[in-house]
There are 2 protein chains.
Amino acid sequence: MTIGDAAKASGVNAKLIRYYESIGLIPAAGRTASGYRVYSSSDVNVLRFVKRARTLGFSIERIQILVGLWQDRSRSSAEVKRVALDHVAELEAKIAELRAMSDTLKHLAHACHGDERPDCPILRDLEEGGGSCCHEPPPCPSLAGRGRE
Amino acid sequence: MTIGDAAKASGVNAKLIRYYESIGLIPAAGRTASGYRVYSSSDVNVLRFVKRARTLGFSIERIQILVGLWQDRSRSSAEVKRVALDHVAELEAKIAELRAMSDTLKHLAHACHGDERPDCPILRDLEEGGGSCCHEPPPCPSLAGRGRE
DNA sequence: GATAGGGCTTCCAATGGCTGGAAGGTCAAG
DNA sequence: CTTGACCTTCCAGCCATTGGAAGCCCTATC
């Protein structure tokens with residue numbers, strides 16, 4: 001199997017296969033006399049494993065660990081589960097971060113008329129650093145210390 | 001004000017200020033005779049605007065647009081709102097993607113005993129490409145509707 | 001045997017949004 | 001005058017790819 005065949009069989013781009021080899025995620029493939037990389041069906045299985053893991057958002061670093069565990073018959077499922085749950089924790093943290101951004105912006109956009117007039121709470125928030133998302137008429141002197149230190 | 005002062009006042013790293021200048025996000029600062037960059041308090045306001053926009057996850061490209069609208073007195077709030085809602089849509093798409101990953105992994109991790117035995121549904125999923133996350137003997141047709149499509 | 005095409009090889013560069021370091025100039029205080 | 005904190009530029013790296021250029025290999029056709 002050439003790299004192109006392995007790419008088709010695994011769903012991983014030939015270019016990406018070379019990259020994965022270059023960073024040591026997968027072992028260096030064998031070569032023909034003329035220098036072409038040669039792959040077996042078990043190499044393709046590894047590539048598919050990597051592809052699926054990437055689809056689930058695992059970093060290359062964690063995939064390296066997972067591949068190692070996968071090929072280690074004396075692994076414990078606890079080890080695998082820990083890697084997975086570490087990743088879940090990172091995903092959840094990222095989701096919470098994006099969720100906060102989105103909610104803030106939805107709130108601001110909701111308060112924005114979205115018409116031809118220039119007045120806009122979104123820009124006001126960006127200008128003021130988000131300190132006072134609610135832009136009430138009273139000049140709120142209590143906010144004097146807002147964000148400048 | 002030197003770049004260090006502007007950094008302190010705006011909360012944007014001096015290095016990042018130079019970077020923002022280099023990519024054209026902010027205009028090139030004035031210089032002293034000896035080549036030091038000089039900033040005014042309005043420059044600091046721009047930097048704070050950029051910082052807040054980055055905090056809300058806006059791309060540099062969109063921040064450029066937002067800064068332009070901010071400084072355009074004849075802007076319409078509709079333009080600003082559209083930029084914001086485009087960004088919200090991207091955030092929501094990303095959240096959905098991460099949510100799907102996280103849910104799949106949580107499901108798999110839940111099914112994993114997490115003990116000293118090597119048998120692990122997480123690795124099985126990665127191996128099989130996620131085609132059959134439920135590896136039960138019965139093909140569980142009742143689960144057809146939930147999130148799997 | 002020449003040629004055309006596809007696939008393979010390597011290396012380099014770019015993406016986004018920074019961050020770090022090296023090598024050197026500048027400035028104020030002691 | 002020296003120290004040290006600041007400033008300057010440039011280069012390189014992070015993550016996980018993707019793209020392109022230049023050139024070799026292999027097969028098929030004429």
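Every chain is numbered from 1 and lettered A, B, ... according to where its sequence line falls, protein lines coming before strand lines.
- Atom CD of Glu61(B) sits in a sparse spot, with 12 or fewer heavy atoms from other residues, nucleotides or ligands closer than 6.0 Å.
- Residues from residues 86-98 of chain A that place a heavy atom under 4.0 Å from any atom of DNA chain C: there are none.
- For the 3.5 Å distance criterion, the side chains of Ser40(A) and Asp43(A) qualify, holding a donor opposite an acceptor.
- Between the side chains of Thr2(B) and Asp5(B), at least one donor N or O lies within less than 3.5 Å of an accepting N or O.
- Where Ala33(B) and Phe58(B) each meet DNA chain C at their nearest nucleotide, the meeting point lying more 5' is that of Phe58(B).
- Judged by distance alone, the side chains of Asp115(B) and Ser76(A) never bring a donor and an acceptor atom under 3.5 Å apart.
- The distance between atom OH of Tyr20(B) and atom P of dG17(C), rounded to the nearest whole Å, is 8 Å.
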Secondary-structure string, 5' to 3', Watson-Crick or G-U under 3.5 Å, | for another-strand partners, for DNA chain C: ||||||||||||||||||||||||||||||
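- Residue contacts shown for Arg37(A) are limited to sugar-phosphate atoms, with no base heavy atom under 4.0 Å away.
- The shortest distance between the side-chain N/O atoms of Arg54(B) and the OP1/OP2 oxygens of dC18(C) is below 4.0 Å.
- The side chain of Arg31(B) lies closest to dT9(D) when the candidates are dC8(C), dT9(D), dC18(C).
- Of the candidate nucleotides dT26(C), dT10(C), dT19(C), dT26(C) has the atom nearest to the side chain of Tyr36(B).
- OP1 or OP2 of dC8(C) lies within a sub-4.0 Å distance of a side-chain N or O belonging to Thr2(A).
- The side chain of Leu16(A) has dT17(D) as its nearest neighbour among dT17(D), dT19(C), dT10(C).
- Closest to the side chain of Ile3(A), from the set dT9(C), dT19(C), dA16(D), is dT9(C).
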